[in-house]
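Shown next, in C-alpha cells, is the structure this report addresses.
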Amino acid sequence: MDDIRLLEVKVLLVEDRPEERVALQRQLGLSKVNAVIVGEAGVDSEALTMMEGLRPDVVLLGLEEPLARPLRILESLTVAGTAPVIAVSSIGDREALRKAMRAGAREYLVKPLKLEDLTKTIDTIIAVERRRRLLLSRGPGTGTLGEVIAVLGAKGGVGKTTLATNLAVALAQETRRRVGVLDLNLEMGDVPIMLDIVPEKTIGDVLGVIDRLDPELLKRFLSSHPSGVQVLSSTGEFKHMNGTTNDEIGRIVEIMAKSFDYVVVDTAPRLRGTFPSVLERSNMVLVVSTPDIPCLKNTRMMLDMLKSQRSYSDKVKLVLNNPYKASGVKPDEAGKVLDYPVFWRVPYDSLVPQCIKVGKPCLEVRARAKISRNLVDLARILSGEARTSRGLFGIFGR
Ligand SMILES: Nc1ncnc2c1ncn2[C@@H]1O[C@H](COP(=O)(O)OP(=O)(O)OP(=O)(O)O)[C@@H](O)[C@H]1O
Ligand SMILES: [Mg+2]
C-alpha cells in the first residue's frame with residue numbers, strides 16, 4: 001500500500017540558536033519522516049524569504065521567550081500561506097500555546113520532543129496538505145468531494161452490509177444530503193437484497209466505461225432507493241473479481257465521491273477483499289467485529305495491519321456489532337483483546353433479520369427500534385450533526 005512516508009518532506013528550520021537547529025535536525029533524522037532540510041533561517045524576515053523561495057512542505061519554528069518576535073514571524077509565515085508551520089517550544093503553558101495557535105501555528109510541540117509525536121504531527125499535516133492541494137488543483141466547480149466511509153470486517157457475516165445500508169439510509173434521513181452506497185463485495189454483494197433493489201446495471205457495466213467515467217455517466221449505473229440513497233450494485237460479479245484493478249476501483253470511488261456528499265462502501269470480508277485505493281480515499285474506516293473471541297482475534301490482526309500504515313490509523317474506528325442474542329464479550333474486554341478502543345457498539349436486535357427478509361432498512365420498518373436509534377446516532381456523529389437529544393449512548397472510548 002502506498003505509504004505517505006515514502007514521499008520526501010521538505011522542511012524549513014526557523015530557529016535562532018545553532019545548537020537547537022542541530023538538535024532538530026538530529027530528531028528529524030531519527031524520526032520516521034522522510035525529511036529533507038531544504039533551508040535554515042533565523043527567526044526574522046529571512047524566514048519569510050526562504051519560505052517563499054524554497055517552497056518547503058512544512059516549517060518548524062522555534063518559539064521561545066520573548067514571544068513577541070517569533071509570534072510576529074509566525075503570523076507573517078501564516079499569512080504568506082505557502083506551508084503549514086509547526087511551533088516548537090520549551091514553554092509548555094496554555095497561554096503560549098493559545099498565542100501560537102492564534103498566530104496561525106498548525107501544531108504546537110513542546111520540548112523535549114518525542115520522536116513519535118514529531119512523526120505523527122508531520123505525517124498528519126502532510127496528509128491534510130496533500131488532500132488540500134488535490135482539491136485546489138481540481139479547481140472550483142468540479143463537483144463536491146464527499147466523505148467516504150468504508151465498512152470493513154475481518155470475517156464474513158459480522159454485519160457489514162446491515163450496517164452499511166442502514167447507516168446510508170440514516171445519513172440520508174439525518175443530513176438531507178446526497179448519499180451513495182458502493183457495493184464492493186464483488187463476488188457476493190447483497191446490498192440489493194437488503195434494500196430490495198433489482199439493479200439494471202452493476203459495477204461490471206461501469207468497468208466497461210471506466211476510462212470515460214464521470215459523475216454524469218455514473219448516473220446511468222445507479223439504482224435508486226425510496227430513502228433517496230443511490231446504489232452502485234454488484235451482484236455476482238465473480239467474473240470481474242480477479243481482473244479488477246485497484247486503480248479502477250479507486251476511480252469508481254473518486255467519481256462516487258464527486259457525485260455524493262456521503263459514500264458508504266460495503267466490502268468483502270478480510271483485507272484481501274479490500275482495495276487499498278478505497279482505504280486511501282476513505283475519510284473513515286469502520287472495522288466491524290462481533291463480540292466473540294475468534295472474530296476478535298481476526299479483527300486484531302486486521303487492526304494491527306491497518307495501524308502499521310500510519311496514515312490510516314487515525315481514521316480507523318472499531319465497531320462492535322452483536323448479531324447474537326447472547327451478550328458476548330464485554331466492550332471493555334473486547335477493547336483489551338484488540339488493544340484498540342471501541343468507538344461504537346451496535347446492539348443485537350431481532351428486528352434485523354426480519355428487515356433483511358423483507359428487504360427494508362430497519363429505520364423504515366421501525367424508527368424507534370433499538371437498532372434504528374443506534375444507527376441514527378452513529379450517522380449524526382459521523383456527519384458532525386450530533387444534535388442528538390438522547391446522548392451518545394452507543395459510544396465507548398474515543
Ligand atoms: N445488530 C444485529 N442484530 C441482529 N442480527 C444482526 C445484527 N447485525 C447483523 N445481524 C445478522 O447477521 C447476519 C449477517 O449480517 P450481514 O449480512 O450484514 O453481514 P456481512 O458482514 O455483510 O456478511 P458478508 O461477509 O457475508 O458480506 C444477518 O443475517 C443479520 O440478520
Ligand atoms: Mg455483506
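In each ligand, atom 1 is the first atom listed, and ligand 1 is the first ligand listed.
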In the hydrophobic clustering (ILVMFWY, side-chain contacts below 4.5 Å, transitive), which residues join L30, or is it alone? L115
Taking the basic N atoms (NZ, or NE/NH1/NH2) and the acidic carboxylate oxygens, is any pair closer than 4.0 Å for E64 and K111? yes
Might you list the protein residues in contact with ligand 1, defined as having a heavy atom under 4.0 Å from one of its atoms, sorted by chain and number? G156, G157, V158, G159, K160, T161, T162, N185, M194, P269, N321, N322, P323, P347, Y348, D349, V352, P353, I356, I371
Contact check, side chains of L145 and R281, non-hydrogen atoms, under 4.5 Å: yes
Going by distance alone, is a donor N or O of one side chain under 3.5 Å from an acceptor N or O of the other, for T245 and D247? no
Can you get from L97 to L71 by hopping between Ile, Leu, Val, Met, Phe, Trp and Tyr side chains that sit under 4.5 Å apart? yes
Are R220 and K201 close enough that some pair of their side-chain heavy atoms sits under 4.5 Å apart? no
Summary of side chain to side chain donor-acceptor pair (under 3.5 Å) pairs that have at least one residue in residues 66-80, sequence neighbours excluded: D16-R69
Regarding D377 and W344, is there a side-chain donor-to-acceptor distance under 3.5 Å anywhere? no
N, O or S atoms of the protein lying under 2.8 Å from the Mg ion (ligand 2): T161 OG1
Establish, from distance only, whether the side-chain atoms of S233 and D183 form a donor-acceptor pair under 3.5 Å. no
